[in-house]
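Following: one structure in structure tokens, then a few remarks.
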Amino acid sequence: MRMYDILIKKRNGGALSDAEIRFLVKGFTEGRIPDYQMASFLMAVWFRGMTKEETVSLTLAMAESGGKLDLSGIKGIKVDKHSTGGVGDKTTLIIGPILASLQVPVAKMSGRGLGHTGGTIDKLESIPGFCTSIATDVFIRNVNQIHFALAGQTADLAPADKKIYALRDVTGTVDSDALIASSIMSKKIASGADAIVLDVKCGTGGFMKTPAEAERLAELMVEIGRLAGRKTVAVISDMNEPLGRMVGNSLEVVEAVEILSGAGDGRLRELCIQLAAEMLLLSGRLGGEEEKDQRKQAVDMVTDAIVSRRALHKFAEFVEAQGGDPDYIRNPDRFEKASYVVPVPAVKSGRLTACDAEEVGMTSLILGAGRSRKDEAVDFSAGIELRKKLGDTVQEGETMAYLYTNRKDVIPEAISRFQKAYTIENREFEPEKVIKKIIS
Ligand code: URA
């Protein structure tokens with residue numbers, strides 16, 4: 001087999017066989033196929049697309065390109081959740097404890113934040129002592145004992161995806177449905193998930209900007225999951241403004257505690273309950289009723305886990321099991337505050353009718369909460385507290401948000417960026433529903 005022939009076949013719109021796709025993924029991962037040939041392949045895929053069968057072959061070849069996490073020591077069906085990335089997305093911090101309190105095993109691999117989107121690992125590391133680089137045997141023991149463990153992605157998890165993604169990033173080939181879907185699903189499959197719930201964000205702060213794009217990607221990933229033998233459900237959720245009221249690492253932990261205490265932002269709570277209910281359904285723990293009744297039962301059980309505070313206690317238990325100080329969960333006032341807490345005044349009176357959520361994420365990044373390069377450190381106390389959300393009215397000069405930072409010099413730019421991220425108009429406006437569609 002020759003890479004040259006594979007390139008010509010794809011360039012001409014042909015469908016590659018499983019053997020051809022495995023040959024190119026293995027060859028590239030092991031350094032036999034050079035970057036220029038892989039770059040040419042990626043561009044051909046960008047123009048020609050891939051069939052569902054080709055996309056499944058690519059997914060499985062990437063999933064098998066490194067060491068797979070052996071989670072066979074964990075009892076029960078392991079359900080994983082993946083978010084395509086957004087601003088203020090702290091759902092894992094809420095859903096993990098809920099499911100663990102219902103005895104559903106959650107063995108989670110998460111990433112760090114990059115660009116305008118935050119990462120769960122950074123959020124959890126804002127809790128003093130919390131450690132995400134735990135040995136596999138400790139990870140498995142914690143899942144079996146307390147039903148929740150979370151670790152950073154190991155270097156050898158789907159290394160083909162890492163290498164291919166780096167090339168896509170510099171060759172204008174990131175935004176291809178087949179390449180995005182196989183990239184995401186390969187990591188989920190390699191990390192040992194039996195069933196997968198995808199949270200596909202749609203809107204100004206998401207990877208997919210329009211409902212049509214989000215739906216197309218969601219349907220493709222659900223189909224890949226099915227063909228790869230993993231039950232997969234996708235929830236398409238709104239990302240036309242940050243999720244919840246807090247953006248930033250320790251600020252988002254505090255908000256997660258608020259939701260688990262039965263309070264907090266309604267849209268964030270609604271999305272977490274739905275995602276957790278979908279995961280509970282896939283875990284196979286509910287009895288043989290009709291699907292509609294099962295979904296209601298799942299929502300009731302998840303809601304009860306919050307109301308009873310069992311999930312909140314589970315969060316503290318999980319934090320302690322990974323070396324963190326659980327007192328920060330019981331008493332979130334203990335988190336260190338940023339030196340500067342700066343109000344952002346509204347530039348005029350009216351109603352908030354649009355938000356460039358990516359810009360809000362970028363504002364949080366320059367305040368110190370995120371990183372623009374992989375090796376940058378983050379400031380755990382930096383971020384944004386939103387006082388107004390889409391659909392709310394404001395008076396000129398009224399505080400729309402508070403910026404938290406330790407960098408005095410960035411404050412004027414951050415205020416200006418934040419103000420420009422919002423559109424204020426004098427008209428009626430209803431924000432979109434937080435859950436747009438569920439695809440199963
Ligand atoms: N997230 C991923 O992991 N891969 C992509 O290609 C896009 C988003």
Side-chain angles (χ1 to χ4, degrees), residues 21 25 28-29 38-39 41-46 49-50 54-66 69 80-87 89 91-92 108-122 151-193 196-210 213-225 228 230 232 234-237 239 357-358 361 370-372 374:
I21 290 174
V25 170
F28 180 63
T29 313
M38 194 61 179
F41 171 75
L42 295 171
M43 191 55 87
V45 170
W46 194 93
M50 280 185 139
E54 284 179 290
T55 315
V56 172
S57 293
L58 181 60
T59 305
L60 294 179
M62 293 202 295
E64 287 158 19
S65 64
L69 201 61
D80 204 350
K81 173 193 80 85
H82 179 82
S83 156
T84 57
V87 181
D89 184 358
T91 52
T92 297
K108 187 96 187 76
M109 296 274 143
S110 287
R112 294 186 184 279
L114 188 63
H116 72 281
T117 65
T120 303
I121 297 267
D122 296 321
Q153 266 167 28
T154 52
D156 74 338
L157 189 90
D161 173 61
K162 221 163 273 147
K163 243 183 129 181
I164 293 172
Y165 195 91
L167 206 51
R168 284 167 60 203
D169 219 12
V170 293
T171 54
T173 52
V174 167
D175 57 341
S176 143
D177 284 1
L179 297 178
I180 297 172
S182 54
S183 164
I184 291 174
M185 292 301 283
S186 67
K187 285 175 288 209
K188 292 290 109 181
I189 291 170
S191 62
I196 302 159
V197 173
L198 300 160
D199 179 8
V200 179
K201 305 281 188 200
C202 168
T204 56
F207 207 69
M208 298 288 142
K209 305 291 181 203
T210 67
E213 284 171 356
E215 219 169 291
R216 219 177 47 220
L217 180 72
E219 274 170 5
L220 180 58
M221 291 197 288
V222 168
E223 182 69 0
I224 293 175
R230 309 298 198 278
T232 307
V235 174
I236 301 184
S237 69
M239 189 30 78
E358 187 167 335
R371 54 171 77 77
S372 43
K374 274 193 180 145

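Order of listing sets the numbers, starting from 1, for every ligand and every atom in it. Just so it is clear, the values below take in all heavy atoms, side chains as well, and ignore hydrogens, waters and symmetry mates.
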Do K81 and T91 pair up side chain to side chain, a donor and an acceptor below 3.5 Å, judged on atom types alone? yes
Side-chain contact, heavy-atom cut-off 4.5 Å: M38 with T171? no
Are any of the N/O atoms in K187 less than 3.5 Å from those in ligand 1? yes
pair L58-M50: side-chain heavy atoms closer than 4.5 Å: yes
Side chains of S186 and D161, donor plus acceptor under 3.5 Å: no
Provide the number and element of each atom of ligand 1 under 4.0 Å from a heavy atom of F207. 7 (C)
Of the protein's non-hydrogen atoms, which lies at the shortest distance from atom 4 (N) of ligand 1, and what is that distance? S183 OG, 2.6 Å
Compute the shortest N/O to N/O distance between R168 and ligand 1 and return yes if it is under 3.5 Å, no if not. yes
Give a yes or no answer on whether the side chain of K188 reaches the backbone of D80 with a donor-acceptor pair at less than 3.5 Å. no
Atom 1 (N) of ligand 1: which protein heavy atom is closest, and how many Å away? I184 CG1, 3.8 Å
